Engineer: 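Below is the structure I would like to discuss, written out as structure tokens.
Note that these values count all heavy atoms, side chains included, but never hydrogens, waters or copies made by symmetry. Fair warning: this is a prediction, and the values are worked out from it, not measured in the lab.
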Amino acid sequence: MAALVTITLPDGSKKEAEAGISVVDFVKNHIGPGLAKAAVFARGNGQDVDLARTLDADASLQIFTSKNPEALEVTRHDAAHIVADAVQQLFPGTQVTIGPVIEEGFYYDFSREKDGKPAPFSPEELEAIEKRANEIIAKDVPFKRTEISSEDAVKLFEAKGEKFKVEIIHDIVARGAKTLTLYTHGDWVDFCLGPHGPSTAKVGVIKLLSASGAYWRADQTKAQLQRIYGISFFDKKGLDAWSKQREEAAKRDHRRLGRELDLFHFHPYSPGAAFWTPKGTSLYQTLSDWMRRLTREDGYVEIKTPLLFNKNLWMKSGHWDKYKENMFLVQDSDSGELDYSLKPMNCPSHHVYYGFGKHSYRELPLRLHTQDVLHRNEAAGALGGLTRVRQFAQDDAHIYCREDQIADEVFRFVKLLDRVYNAVGLKYEAKLSTRPEKRLGSDDLWDRAEAALKDTLEKMNVAYELKPGDGAFYGPKIDFVVSDSIGRKWQLGTMQLDYIAAERFDLTYVGDDNKEHRPVVLHRAIFGSFERFIAILIEHFAGIFPAWLSPTQAVIVTVADRQDEHAKKVVAALNAKGFRVEFDDRGMSMQKKIREAEIGKVPFILVIGDREVEGNAVAPRRHGGEDLKSMSVDAFAELLAKEAAIP
RNA sequence: GCCGGUGUAGCUCAGCUGGUAGAGCACCUGAUUUGUAAUCAGUAGGUCGCGGGUUCGAUUCCCGCCGCCGGCCCCA
């Protein structure tokens, strides 16, 4: 009689089975054939494994089916293999590199050349690949896992002429691996850790999304690769739902809404710099005023500094060395040399400002806030909408404080940021970047700085991702990241500690020991940039802004033009109270005006007919159609005041 | 900057294989004065992104440039 192993299931129940049984057979025999059929992969003792793996010792076991999001990730990895197979079937000689699962789908990077030059995949070729990939799915080819010695692996992939794979194997071997796992389906073989699903059919349906260029190991000096992005779903229903969701997301795209709601324009005369319409400017200004108030209340002072500086400042700050590529250089007409630059950041000028006076430890922390316009010469291919521009303004501030004040200041900042994001309902992720290998300052200093950031995040209950080694050489940082409507992530807020700025600019304060000390500089922003923040807000609200942000808070529509005189008085009265109300007196039907105001996403439409004229009233209708009863102008003003209150 | 796609009226788009362009909406004019998502009619609007080339002739084919879009890199 074979030895028995005890398998513990997630509900705590235990089953005995003969040792050496495969996971799938165990499930079929001891749980149920339905689950065995639906299973994609298993987690045994916390490790993800294939269904064909054997159970040789007591273990805990969890089965994942298409109902689990984890399974979708596994089949998307399967899908990447299938796409690579399809590519090599259709385009022999194409080399494979890597093909990871990403947040939305997967990609696979190929090296494909024609006449010694990189040969991108055309849209037609992509279609053919997608077709072939789905044919491979239909063939229901099983995935098979084998282990192989690293020497054999090198031989295998060298024989195939897969030099990128060989390079990866060498790296893995260098890290100490003796054996590699191979996964094959049909004739196609790749090595990877797995797990994979039982067969290609489990993948469901593959949709290829786009092709683009990438570089081997993300290095521009290395080989140019062809990346294919794709996504897979267990069935067509899932794909359709995703496509529909994508269409909905496209409707929220801030570039589209910017046009539809008449908020901003771009022109080739100044790529990456927006023209703001009156409505867009209102939005911008509302946010600016809000941030001014918040920072003032939080102990900041606002200053303005020059927009243009000569290169002496940039040499001192280090920008001339490290950031010149991204600066717009300006010619001094007398010397004829490009020795001025539009400022790309506020920090150097703030440091100069700090240096104007002598500072006592008693006046720290000094919090300098500035909303000046900045220019950065971003790569042409990087520009896009309002999220990546060349001209923008940050809600920037630099806090000069004593080292013992860092923790308080970081905490105070995250509290303010959290308040701002909550006020507009934005969900954010935090990323804590810690000391890089090359750095300035003692380990002791870094310990305390990182602890200050970490403690704050934990005290505030902010979930964060740790990015070890990702900090700047002059200090650790927290970045606050928000997603746009199509899932791209953008950094908005940031809190960055800086231990060298004070040194470079010879900034000091006089301590209670009557000696000079170096302050620590904290770079921080909440919106990040007004431009990017507005883009995110537009998408977040789908253009339907809360009344306090909405450029137009109410539109007045009269039933007939004999009420126009009264409407004008109402507009004047409401605007006199500080509201942003418009009277639509164009010669078109009331229905049409209401429709346009609805499409324009105005929070309130105020209808005025004879009844309203008589009672000095308005009949408000909310965006979306909710009809409020006719009410006095004063009553509406009160309602609007409540809803348009700035948080 | 790199790879790919793309660029026709203010907007959304149509325009087989080359023969100097159309629609809807918006704008403008006129009529209509209406109670909660499109009143009717008419007029007008484009050197087809820009510059070269091929051709008897280019929106259409080729080259270069610019912008935009999706990625890469980078970043607020």
Engineer: With sugar-phosphate meaning primed atoms plus P, OP1 and OP2, does A/Gly385 contact a base, only sugar-phosphate, or nothing at under 4.0 Å between heavy atoms?
Structural biologist: sugar-phosphate
Engineer: Is the NZ or CZ atom of A/Arg112 positioned over A/Phe91's six-membered ring, under 6.0 angstrom from the centre and within 45° of the axis?
Structural biologist: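 Yes, A/Arg112 sits over the ring of A/Phe91.
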Engineer: Heavy atoms only, 4.0 Å cut-off, all strands: where does A/Val389 land among base, sugar-phosphate and nothing?
Structural biologist: base
Engineer: Any base atoms under 4.0 Å from A/Gly384, or only sugar-phosphate, or nothing? Heavy atoms, all strands.
Structural biologist: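 The residue A/Gly384 makes sugar-phosphate contact but no base contact.
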Engineer: Under 4.0 Å, heavy atoms only, any strand: does A/Glu612 hit a base, just the sugar-phosphate, or nothing?
Structural biologist: base
Engineer: Taking only the side-chain nitrogens and oxygens of A/Arg227, find out if one of them lies under 4.0 Å from OP1 or OP2 of B/rG70.
Structural biologist: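 No.
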Engineer: With rounding to whole Å, what would you report as the distance between B/rU12 and B/rU8 at their P atoms?
Structural biologist: 9 Å
Engineer: Can you tell me if the side-chain N/O atoms of A/Gln491 get under 4.0 Å from OP1 or OP2 in B/rA76?
Structural biologist: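 Answer yes for this pair, as a side-chain N or O of A/Gln491 is under 4.0 Å from OP1 or OP2.
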Engineer: Checking all strands, does A/Glu531 fall into the base, sugar-phosphate, or nothing category for heavy-atom contacts under 4.0 angstrom?
Structural biologist: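 Here A/Glu531 touches no strand at all.
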Engineer: Quick one, A/Phe106 with A/Ile206, criterion side-chain contact (heavy atoms from CB on, under 4.5 Å). Give me CA distance, side-chain angles, the key distance, then yes/no.
Structural biologist: CA-CA 10 Å; A/Phe106 60 89; A/Ile206 289 176; 4.2 Å; yes
Engineer: In whole Å, what separates the P atom of B/rG24 from that of B/rG18?
Structural biologist: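 Straight-line distance between the two P atoms is 29 Å.
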Engineer: Check every atom of B/rG1, B/rG67, B/rG71 against the side chain of A/Ala380 and return the nucleotide holding the closest atom.
Structural biologist: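 Closest nucleotide to the A/Ala380 side chain: B/rG1.
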Engineer: If I pick the P atom on B/rG57 and the same atom on B/rG53, what distance separates them, to the nearest angstrom?
Structural biologist: 11 Å
Engineer: Have a look at A/Ala218 and say if it touches a base, only the backbone sugar-phosphate, or nothing, with a 4.0 Å heavy-atom cut-off.
Structural biologist: sugar-phosphate
Engineer: If you assign A/Gly528 and A/Met588 each to the RNA chain B nucleotide with the nearest heavy atom, which residue ends up on the more 5' nucleotide?
Structural biologist: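 In this pair, the answer is A/Met588.
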Engineer: Can you tell which of B/rA38, B/rC73, B/rU36 lies closest to the side chain of A/Lys592?
Structural biologist: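 In terms of side-chain proximity for A/Lys592, the closest of B/rA38, B/rC73, B/rU36 is B/rA38.
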Engineer: Tell me whether A/Phe392 and B/rA76 count as stacked here, given that the ring centres must be under 5.5 Å apart and the planes must differ by less than 30 degrees.
Structural biologist: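 A stacking contact exists, since A/Phe392 sits close and nearly parallel to the base ring of B/rA76.
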Engineer: Using a 4.0 Å heavy-atom cut-off across all strands, classify A/Leu383 as base, sugar-phosphate, or nothing.
Structural biologist: sugar-phosphate
Engineer: Taking the P atom in each of B/rG15 and B/rG30, what is the distance between them to the nearest angstrom?
Structural biologist: 37 Å
Engineer: May I ask you to decide if the ring planes of A/Phe527 and A/Phe533 are parallel, tilted or perpendicular, using 30° and 60° as cut-offs?
Structural biologist: parallel
Engineer: Can you check the A/Tyr323 OH to B/rA76 P distance for me, whole Å?
Structural biologist: 7 Å
Engineer: Distance between the C1' atoms of B/rC16 and B/rA31, in whole angstroms?
Structural biologist: 43 Å
Engineer: Atom NZ of A/Lys343 to atom C1' of B/rA76: distance rounded to whole Å?
Structural biologist: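 Atom NZ in A/Lys343 sits about 15 Å away from atom C1' in B/rA76.
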Engineer: Output the single nucleotide from B/rA26, B/rC11, B/rU36 whose closest atom is nearest the side chain of A/Arg259.
Structural biologist: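 Taking heavy atoms from C-beta onward, the closest nucleotide is B/rC11.
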Engineer: Quick one, A/Lys427 and A/Tyr421 - any side-chain contact, counting heavy atoms below 4.5 Å?
Structural biologist: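 A/Lys427 vs A/Tyr421: side chains apart.
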Engineer: Return the OG to CD distance between A/Ser433 and A/Glu465, rounded to the nearest 0.5 Å.
Structural biologist: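 Here the interatomic distance stands at 8.5 Å.
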Engineer: Using only modelled atom types and a 3.5 angstrom limit, is any donor from either the side chain of A/Arg376 or the base of B/rC74 paired with an acceptor on the other?
Structural biologist: no
Engineer: Report yes if a donor N or O on one partner sits less than 3.5 Å from an acceptor N or O on the other, where the partners are the side chain of A/Arg390 and the base of B/rA76; otherwise report no.
Structural biologist: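 Counting by modelled atom types and ignoring angles, no donor-acceptor contact under 3.5 Å is found here.
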Engineer: Choosing from B/rC72, B/rG35, B/rG67, which nucleotide comes nearest the side chain of A/Tyr229?
Structural biologist: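 Looking only at side-chain atoms, A/Tyr229 lies closest to B/rC72.
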Engineer: Picking from B/rC68, B/rG35, B/rU36, which would you name as closest to the side chain of A/Pro271?
Structural biologist: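 Out of B/rC68, B/rG35, B/rU36, the nucleotide with an atom closest to A/Pro271's side chain is B/rC68.
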Engineer: First locate atom OG1 of A/Thr456, then atom CG of A/Asp418, and finally report the distance between them rounded to the nearest 0.5 Å.
Structural biologist: 12.0 Å
Engineer: When you measure from the side chain of A/Ala379, which nucleotide among B/rG67, B/rG1, B/rA76 comes out closest?
Structural biologist: B/rG1
Engineer: When you measure from the side-chain N and O atoms of A/Arg562 to the phosphate of B/rU34, is any distance below 4.0 Å, counting only OP1 and OP2?
Structural biologist: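 For B/rU34, OP1/OP2 do have a side-chain N/O of A/Arg562 under 4.0 Å.
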Engineer: Can you see if the side chain of A/Arg622 gets near the phosphate of B/rU36 - specifically, an N or O under 4.0 Å from OP1 or OP2?
Structural biologist: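 Result: no.
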Engineer: Using OP1 and OP2 only, check whether a side-chain N or O of A/Ser529 sits under 4.0 Å from B/rA76.
Structural biologist: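 Result: no.
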Engineer: Counting only side-chain N and O atoms of A/Arg255, is one of them less than 4.0 Å from OP1 or OP2 of B/rG70?
Structural biologist: yes
Engineer: Before accepting this row, confirm whether a basic side-chain N of the pair A/Lys163/A/Glu167 lies closer than 4.0 Å to the acidic partner's carboxylate O.
Structural biologist: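 Result for this pair is no, no salt bridge flagged.
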Engineer: Rounded to the Å, how far apart are A/Gln226 CD and B/rC3 C1'?
Structural biologist: 7 Å
Engineer: Say you pick atom P in B/rG42 and the same atom in B/rA26; how far apart are they, in whole Å?
Structural biologist: 15 Å
Engineer: Relative to A/Tyr107, does A/Arg227 satisfy both conditions: NZ or CZ under 6.0 angstrom from the six-membered ring centre, and within 45 degrees of the ring's axis?
Structural biologist: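 Yes, a cation-pi geometry holds between A/Arg227 and A/Tyr107.
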Engineer: Round to a whole Å and report the spacing from CH2 of A/Trp216 to P of B/rC73.
Structural biologist: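 Computing the A/Trp216:CH2 to B/rC73:P distance gives 14 Å.
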Engineer: Which nucleotide, B/rA37, B/rU33, B/rC75, lies nearest any side-chain atom of A/Ile599?
Structural biologist: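 Minimum distance to the A/Ile599 side chain belongs to B/rA37.
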Engineer: For a quick check under 3.5 Å, do A/Asp610 and A/Gln563 share a side-chain donor-acceptor pair by atom type?
Structural biologist: yes
Engineer: Once you apply a heavy-atom cut-off of 4.0 Å, does A/Glu598 come out as touching a base, just sugar-phosphate, or nothing?
Structural biologist: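 Touches a base.
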Engineer: Which sits closer to the 5' end of RNA chain B, A/Leu225 or A/Phe480, going by the nucleotide each is nearest to?
Structural biologist: A/Leu225
Engineer: Using the P atom in both, what is the distance from B/rG5 to B/rG22, to the nearest Å?
Structural biologist: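 These two P atoms come out 30 Å apart once rounded.
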Engineer: Specify the separation, in whole Å, of atom CG of A/Leu386 and atom P of B/rC69.
Structural biologist: 10 Å
Engineer: Check whether A/Phe473 forms a cation-pi arrangement with A/Arg435 (NZ or CZ under 6.0 Å from the six-membered ring centre, at most 45° off the ring normal).
Structural biologist: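 Pair A/Arg435/A/Phe473 does not count as cation-pi.
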Engineer: Rounded to whole Å, how long is the line connecting atom OH of A/Tyr215 with atom C1' of B/rC73?
Structural biologist: 8 Å
Engineer: Would you please say whether a donor-acceptor pair under 3.5 Å links the side chains of A/Asn377 and A/Asn326?
Structural biologist: no
Engineer: Can you check the distance between B/rC73 and B/rG19, where both ends of the measurement are the P atom (answer in whole Å)?
Structural biologist: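 About 44 Å, rounded to a whole number of Å.
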Engineer: Mind calculating the distance between CZ (A/Arg595) and P (B/rA26) to the nearest angstrom?
Structural biologist: 9 Å
Engineer: Among B/rC3, B/rC74, B/rU39, which nucleotide has an atom closest to any side-chain atom of A/Ser212?
Structural biologist: B/rC3
Engineer: Got a second to check how far A/Glu614's CD is from A/Glu612's CD, nearest 0.5 Å?
Structural biologist: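 So the CD of A/Glu614 and the CD of A/Glu612 are separated by 10.0 Å.
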Engineer: Across the strands shown, which category fits A/Asp219 at heavy-atom distances under 4.0 angstrom: base, sugar-phosphate, nothing?
Structural biologist: nothing
Engineer: Output the pairing pattern of RNA chain B as a dot-bracket string, 5' first, Watson-Crick or G-U wobble with both distances under 3.5 Å, | for cross-strand pairs, [ ] for crossing pairs.
Structural biologist: (((((((..((((.....[..))))..((((.......))))......(((((..]....))))))))))))....
Engineer: What's the closest nucleotide to the A/Arg388 side chain, out of B/rU39, B/rG4, B/rC73?
Structural biologist: B/rC73
Engineer: Rounded to whole angstroms, how far apart are CE on A/Met590 and P on B/rU34?
Structural biologist: 11 Å
Engineer: Any side-chain N or O of A/Lys601 below 4.0 angstrom from OP1/OP2 of B/rA37?
Structural biologist: no
